[in-house]
Novice: 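A single structure is presented below for examination.
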Amino acid sequence: MTVLEVRDLAVRFGETQAVQGVGFEVARGEVLGIVGESGSGKSVSVLAVLGLLPPRAVVSGSVRLHGRELLGAQEKELTALRGKSMAMVFQDPLAGLTPVHRVGDQVAEAVRVHQRVSSKAARLRAVELLDLVGIPDPARRARAFPHEFSGGMRQRVMIAMAIANDPDVLICDEPTTALDVTVQAQILDVLRTARRETGAAVVLVTHDIGVVAGIADRVLVMRSGQVVETATVDDLFYRPRSPFTRTLLDAVPRIHDHPARSGYSGRPVLPPQPAPAHPGDARSTPPVPAHSGEARSAPPVQVGWGAVRRGGRAVLEVEGLVKRYGRGGWVVDRVSFDVRAGETLGLVGESGCGKTTLLMEILALGAPQGGRVVVFGRDTAGLSGRERLGLRRDLQVVFQDPMASLDPRMTVHDIVAEPLRAHGLPIDRVGGLLRLVGLEAEHAARYPQDFSGGQRQRIAIARALALEPRLLVLDEPVSALDVSIRAEVVELLLELKARLGLSYLFVAHDLAVVRRIADRVAVMYSGRIVEIGPVEDVFAEPRHPYTRALLAAVPVPDPVRERARSRLLLSGDPPGDHLLRPAGPPSGCRFRTRCPLYPGLPSVLGSRCVSEEPELGAADGAACHHSSGGIG
Amino acid sequence: MTRFLLRRILFGVLVLWLVATTVFLLFFAGPADSVARRLAGPRAPIEVINQIKDTLGLNRPLWEQYVSFLGNLLHGDLGISFISQTPVTTLIVQSLPGTLWLVAGSAVLWMTAGITGGVISATRPRGLRDRVTTVLVLAGISVPTFILGMLMIYLALSVFPWFGLGPGPYISPLVDFRGFLQVMIMPWVCLAVVQAAVYVRLTRGSMLDTLGEDYIRTARAKGAPEHRIIYRHGLRAALTPVITQFGVDIGTLLGGVVVTESVFGLQGLGQLMIRSVRDGDLPVIIGAAILAAAFIVIANILVDVAYSFLDPRVRLA
Amino acid sequence: MTSEEVTGPRGQVGPGAAAGTALARPVAGASVGSVVPSRWRIVFGRFAGSWGGRFGGLLLLGLFLLAFVGPVLVPWSYLDKDFLAFLQEPTGAHWFGTTQTGGDVFALTLRGMQKSLLIGLLVAVVSTAVAAVVGAFAGYYLGWTDWVLGWVTDLLLVLPAFLVIAVLSPALGQGAWLALVVLLAAFMWMVTSKVVRGMTISIREREYVRAAQFMGVPGYKIIFRHVIPNMASLLIVDATVNVSAAILTETSLSYFGFGVQAPDVSLGGLIADGARTAVYAPWTFWFAAGLLVLLILAVNLIGDALRDAFDPTSNRGRR
């Protein structure tokens, strides 16, 4: 029974047409996924349904809720419907909750706005709702303020507010985008509960096509403000009709397949020089497989050079590194690993695990608070200023946010030339560097805001390569990019590594990307490395329960497999939120408070988890007392 | 919280001490002769200079003077005014009520006008009300207080004499309420006009920022009625910078609402300061300076405390 | 992603968005013909397009010309005394009339305006520059630097500025208005420096600053090359606001007889003198007062227009 019906929806902002000809319907208890990249108009469309667009938006078409036309309705009618018949969950729960009011009051407000109940009754109902969405100790937590909650908890609060009045339609706009992958799995579960409890029709907007695979019944694909394809979830994934859908599915890396069969089929992104350069990637045109265009004429670059030169001397050795801020807990707690010449070490972990701090410590090239860092055979403690400057030539960094890593006041030329100037090197290299990453030398005269996200990241890579480093540290370099662009930048990095003989320390939370690019992988949790080893081994047979949970939480763009997977949900939150951080990590194994194995262990085995902190075995292995134990 | 308060009070005392020291050095550092001459004025005869040297003990070593200076300060003894031969403390106490009433009354006016104006213009930006408010604000901040004051006096005396408003010294409300009002209304309005303009702008800016936040959208999605969104969610969050600015302003004004007082002849603290500077009445200057600084320090502490109540994200470290 | 879509895509979405695409995607091999207007040109364009900017700019220009070119037009200088014309109303000989002592009001007023303009501009520039450097260094290095600079800032904030300047100004001697500029600036930089410090703290976390650090660029270069230029809009608007504040403060001081000392002239002094004779000799008061108001109005208009030009979506209402 159709609850919400949208026909021919069009939204215009001044001169720009954001959305055109969008139509869909959702029935009771059904989940409709709306998928698209940034700028596809998916958020604008659902905001238009609720009438929440800014006043200058011009909306036309038809939106019917239970057959009743919403567009053009009086604001009073819409206000009565919002929060009652139609509810929305937004992306950023920190910004989405009023910071000066208590959480319980805000949930109670959702109730009182539509129902005539006493404030006491509303508060009780609020506590019930918080309990329903899985917030522990709800009566006490209701009196807390939003900033005292972790991201996942806040999102649960948002969901609680949304279902307070048993809505008929629940719209979720990128509800899990800002969350860690294990928390995302939890929240998706909460959404399933919400759907069950209210029987609402759910519209889930996301850019992550894997998320949709597990939870949606039908899927809508949008691009450039228009609907490209509508299908049931199985049809979409197994029998996509639109070429755009196909390229979107192709670009999603799959972590469970053998790399040769994985989504990236190793198509070359760069022709060998000095062939004409690669066209810059575009945002509003479909992600073009690199074959098309000029590259056809050049012979393909061999893939797999990286595997040839693995092993050998270590370019980076970290032993027992330790870092704490003030008198707080240890953010990095005795971390040891090394990166060997020509290899890529992937470092994965969720927010708050300490991986960014770890990177900053290494990059600082100073004396650590504890432990040792050895870069190219030189211990960083006791380096003179000049020696440090010299080392910096060999060790460079690429950051996550391409918008924030380039100074918007400087031209591209100056940005790429800055390291050269700082070391007194000739700056005529800039053109060549830009061409190396697939841009044009003429682009040097422009400013960063003229480029797309993927192109900006290429500029950042060009800058990092200016000094001809041997080791490149990359902090989530593709996380902020669209999926299709991600693939291209990852391929670029692989080729550069092969061609220039680089080593990478690659930090990411996206396991699939790590799978594609890394030779070895280290998994971090709460300041420690809990598992390390060759990437195929770790992904195929993870030994630490956290690694297993991480892998289980990554949505796979394969509906049948997603539905069949056993849910290995971790309880609680990643130990990231400093506001909630207790006095210190738990005694013994710090993962035991969330470990799915621990509750099922007989006390004689479990007591070891409480008393003794597990260490990594040899160079490879898992830091768990029961890693060889059965799957919990 | 108590730890925070203690730390801030300690800090405040430290700052006041520094202010006192700075003031002391400013006036007393240097050979006794030049100091005395500076205090006496360029045309003073030699006997007056010597007298000053004796009375103030300028011939003592500097540190000794400093110690006794501090000692007196701690006893609440700010010395005796050169000119009027009354204890400085008495003078200050006499002039304080005028200033206090002026600032308090004005504050009520300007905050009401300012916040209301700011909310009105922010809820419909670029609308007619907003444009009118912008023009009024521009006028308000472009007219210096003394010109506005003189304009008002002129109007009151020549155009509206029957109200009996006019410049004059402060009268206690307990003594003559009507006279109190007659004397205070114009300075209240005069000061409030300029301040209100500033606060309209401040509130408007803060409201516009707040109304653009995501949580406003959430409240709207909940189906909350518009006025609830504007006041409970919008204004409540937007008030924080406004209140903190208010606290700072009060502190500064208490220490120096000089111009308004002078134009209207209120005989408050500000006028006392001006007179003492003109007359070279050193003890009064020093006393007034320290008092002004104390006002600002106290106001800052109160603002920090208030801020932590207003914004739960701020933890008093 | 979401809010970007809501506030309006930057011309990259939609089938007919070719105009926007040209900027977003430099095509391979395309000439660099489509010149992207530099940011300053965009800002200036917005400023010149707003009625506030135009009116304020013209007004200020007019006042400037009046103040500096005007005195050339009359035979009297501000020092002259015409003993044949005391307290005379405006005539052909004395365009603005004369004062009680025979001074030419026109010359005096313009001289006062010159002073106000000069002092206002200088104070604003100096105080903003000091605020930028102090705030940026404090926010960038933190630690000891921040602590010391913070103390200095707090101390100056607490000192009653009016009083101190009033006390010190007679000691400055005659014609030492430059010293007055220094004094005024010394009490005006603190609030801005706190804002600068706050912004620096957030800018230094940005990745382009970190990238520069890891390249080996020394700290002070980072501050002047990356941090301060990224606050340019804030600093410019602030400097403009400071001009009017400086003019007001100087005028208030002169009104009481502090600040600019005789024989030099200030609008404040003129107004103070004129207030006494305003009722029966309005020309001694209203010209000076009126021009002062116009001056401050012009500066405020320009300040508002600049603020909007730099950031049309921002609605900051700082004083």
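All chains are named by letter (A, B, ...) in the order of the sequence lines, taking the proteins before the strands, and each is independently numbered beginning at 1. Source: prediction; values computed, not measured.
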Novice: Which one of Leu406(A), Val397(A), Val473(A) has the most heavy-atom pairs closer than 4.5 Å to chain C?
Specialist: Leu406(A)
Novice: By side-chain contact (heavy atoms from CB on, under 4.5 Å), which residues pair with Pro419(A), not counting sequence neighbours?
Specialist: Arg463(A), Ala466(A), Leu467(A), Met215(C)
Novice: For Pro229(C), does its backbone N or O pair with a side-chain atom of Arg409(A) as donor and acceptor, under 3.5 Å?
Specialist: yes
Novice: Under 4.5 Å, counting heavy-atom pairs only, tell me which of Leu395(A), Leu389(A), Asp401(A) racks up the most with chain C.
Specialist: Asp401(A)
Novice: Counting neighbours of OH on Tyr141(C) that are heavy atoms of other residues, nucleotides or ligands and sit closer than 6.0 Å, is the number greater than 12?
Specialist: yes
Novice: Where does Ala364(A) contact chain C at under 4.5 Å (heavy atoms): side chain, backbone, both or neither?
Specialist: backbone
Novice: Just verifying a value: how many Å separate Phe214(C) CZ and Leu363(A) CG, rounded to the nearest 0.5 Å?
Specialist: 4.5 Å
Novice: Just how far is it from atom CG of Asp475(A) to atom CD of Glu207(C), taken to the nearest 0.5 Å?
Specialist: 7.0 Å
Novice: Select, from Pro408(A), Ala464(A), Ala422(A), the one with the greatest count of heavy-atom pairs under 4.5 Å involving chain C.
Specialist: Pro408(A)
Novice: List the residues meeting side chain to side chain donor-acceptor pair (under 3.5 Å) with Arg210(C), not counting sequence neighbours, and say none if there are none.
Specialist: Glu205(C)
Novice: Could you give the distance from NZ (Lys221(C)) to CZ (Arg421(A)), rounded to the nearest 0.5 Å?
Specialist: 10.5 Å
Novice: Can you tell which part of Gln396(A) gets under 4.5 Å to a heavy atom of chain C, answering side chain, backbone, both or neither?
Specialist: side chain
Novice: Take a 6.0 Å sphere around CZ of Phe44(C) and say whether it holds more than 12 heavy atoms from other residues, nucleotides or ligands.
Specialist: no
Novice: Counting only heavy atoms not in Glu15(A), do more than 12 fall under 6.0 Å of its CD?
Specialist: no
Novice: Please examine the side chains of Glu418(A) and His226(C), heavy atoms only from C-beta on, and report whether any two atoms are closer than 4.5 Å.
Specialist: yes
